[in-house]
Amino acid sequence: MRHLTLSILLFLTSIVLQGQEIVIVEGSAVGPLKLGQSFEEVVNILGFNGDLKTYDDYIAEELFFEDPENQLECAIGFDYFVKYEHLLTLPIAYIYFKDNVINQVKVSSFPAYYFSIARATKTRQGLDFWATSSQLEKVYGTPDLKVNYDSFILNAYFYFDMGITINLRENYYRTAHIYQKQSQELINSFKNQF
């Protein structure tokens, strides 16, 4: 019964999303979800509360043994976050809040039930999920920094001035991190970690 319900939900989502494109605006938004919105606005847009968790929870539950200084979301900083699973309106994985508003968002084509939503999503520059590294560099140019995160099996391509980091697995774009352009001091400090 559970598999049937999920299958029906996926089918209905694919019907609704046909013809509706979700646009990731670098440094600014994912569809109707925009940096600077409050938690209440997020709930209204997504129709789902999610559990607010702290920065310390993030380090313990999401990073495990990774050094937080090597993670851009930690370098930028946040007070709390929400991890989204089974969200079928936008391909959102994480939303981070600082001073009670969104300051970062991560989108994802994982897991499989995000497939239809991810297929309907592209960046403002026209990059689709599952693009290759050569397609990525054709659209965005040479990244400011490339980092191989072995434990996450991801290669990160950082475009700091645009406010986006594209993560590839097995040479295909699978996740992205959206944030406002940061200070040169923060960028230099982050780059020095590698």
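Between the Asp79 side chain and the Thr54 main chain, no donor and acceptor come within less than 3.5 Å of each other. Checking side-chain atoms of Asn192 against main-chain N and O of Asn188 turns up a donor-acceptor pair under 3.5 Å.
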Hey, mind stepping through Thr123 and Val23 against side chain to side chain contact (heavy atoms under 4.5 Å, CB included) and telling me if it holds? CA-CA 5 Å; Thr123 68; Val23 178; over 6 Å; no
Kindly determine whether Gln104 and His177 satisfy side chain to side chain contact (heavy atoms under 4.5 Å, CB included), including the steps that lead there. CA-CA 7 Å; Gln104 307 171 63; His177 180 192; 2.8 Å; yes
Could you walk me through whether Val105 and Leu35 pass the side chain to side chain contact (heavy atoms under 4.5 Å, CB included) check? CA-CA 8 Å; Val105 175; Leu35 301 184; 4.0 Å; yes
Evaluate the side-chain hydrogen bond (donor to acceptor under 3.5 Å, both in side chains) criterion for residues Tyr140 and Glu26: first the C-alpha distance (whole Å), next the side-chain angles of each, then the deciding distance (0.1 Å), finally the verdict. CA-CA 11 Å; Tyr140 285 98; Glu26 300 85 345; 2.4 Å; yes
Give the C-alpha distance, both sets of side-chain angles, the deciding distance and a yes or no for side-chain hydrogen bond (donor to acceptor under 3.5 Å, both in side chains) between Tyr84 and Asp51. CA-CA 9 Å; Tyr84 290 93; Asp51 294 325; over 6 Å; no
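Note that CG of Leu33 and CG of Asn44 are 11.5 Å apart. Values are rounded to the nearest 0.5 Å. Between the CD atom of Glu85 and the OG atom of Ser108 there is a distance of 10.5 Å, given to the nearest 0.5 Å. Separating the CG atom in Asn155 from the CG atom in Leu168 is a distance of 6.5 Å, to the nearest 0.5 Å. Within the model, atoms CG of Asp56 and CD of Glu61 stand 10.5 Å from one another, a figure rounded to the nearest 0.5 Å. Note that the CG atom of Asp161 and the CD atom of Gln182 stand 11.0 Å from one another [nearest 0.5 Å]. Between the CD atom of Gln135 and the CG atom of Asn171 there is a distance of 9.0 Å, given to the nearest 0.5 Å.
Residues Val107 and Leu154 fall into different hydrophobic clusters, defined by Ile, Leu, Val, Met, Phe, Trp and Tyr side chains chained together at heavy-atom separations under 4.5 Å. Put simply, Leu127 and Ile117 are part of the same group of oily side chains (I, L, V, M, F, W, Y) that touch within less than 4.5 Å, one to the next. One hydrophobic cluster holds both Ile164 and Val139 under the rule that ILVMFWY side chains link at heavy-atom gaps under 4.5 Å. At a threshold of 4.5 Å between side-chain heavy atoms, the hydrophobic network of Ile, Leu, Val, Met, Phe, Trp and Tyr places Val25 and Met162 in two separate groups. Both Ile24 and Ile45 belong to a single network of hydrophobic side chains, linked directly or stepwise wherever heavy atoms of I, L, V, M, F, W or Y lie under 4.5 Å apart.
Ring orientation note: the planes of Tyr55 and Phe78 are tilted relative to one another, at an angle of 30° to 60°.
When Tyr173, Tyr114, Phe115, Tyr172 are each tested for a ring-ring contact (aromatic ring centres under 6.0 Å, His included) with Phe129, only one passes: Tyr173.
For the pair Tyr157 and Thr142, the minimum side-chain heavy-atom distance is 4.5 Å or more. Under the 4.5 Å side-chain criterion, counting only non-hydrogen atoms from C-beta, Tyr80 is not in contact with Asp57. Residues Thr165 and Thr175 fail the side-chain proximity criterion, which asks for heavy atoms closer than 4.5 Å. The closest side-chain heavy-atom distance from Ile95 to Leu46 is below 4.5 Å. The closest side-chain heavy-atom distance from Pro32 to Leu90 is below 4.5 Å.
In this structure, the ring of Tyr58 has its center less than 6.0 angstrom from the ring center of Tyr96. Aromatic rings of Phe190 and Phe158 (six-membered ring for Trp) have centroids within the 6.0 Å cut-off, being under it.
Here salt bridge (Lys or Arg N to Asp or Glu O under 4.0 Å) pairs that include residues 127-141, with residues two or more places apart or in two chains, are Lys122-Asp128, Glu137-Lys146.
Residues Asn70 and Phe194 share a closest heavy-atom pair of O-CZ, 3.4 Å. When all heavy atoms of Ala75 and Leu186 are compared, the closest pair comes out as O-CD1, 3.4 Å. Closest of all the heavy-atom pairs between Phe160 and Lys191 is CE1-CE, 3.8 Å. Shortest non-hydrogen contact noted between Pro68 and Cys74 is O-CB, 3.2 Å. The minimum heavy-atom distance between Tyr149 and Gln71, with the atom names listed, is CE2-NE2, 3.6 Å. A pairwise comparison of heavy atoms in Pro91 and Ile22 identifies CD-CD1, 4.1 Å as the closest pair.
Inspection of the Tyr94 and Glu73 side chains reveals no N or O donor paired with an N or O acceptor under 3.5 Å. The closest side-chain donor-acceptor pair between Glu66 and Ser151 falls under 3.5 angstrom.
A cation-pi arrangement is found for Arg174 relative to Phe110, the charged atom lying closer than 6.0 Å to the ring centre and inside a 45° cone about the ring normal.
The residues Glu41 and Lys34 are annotated as not salt-bridged, no charged nitrogen and carboxylate oxygen being separated by less than 4.0 angstrom.
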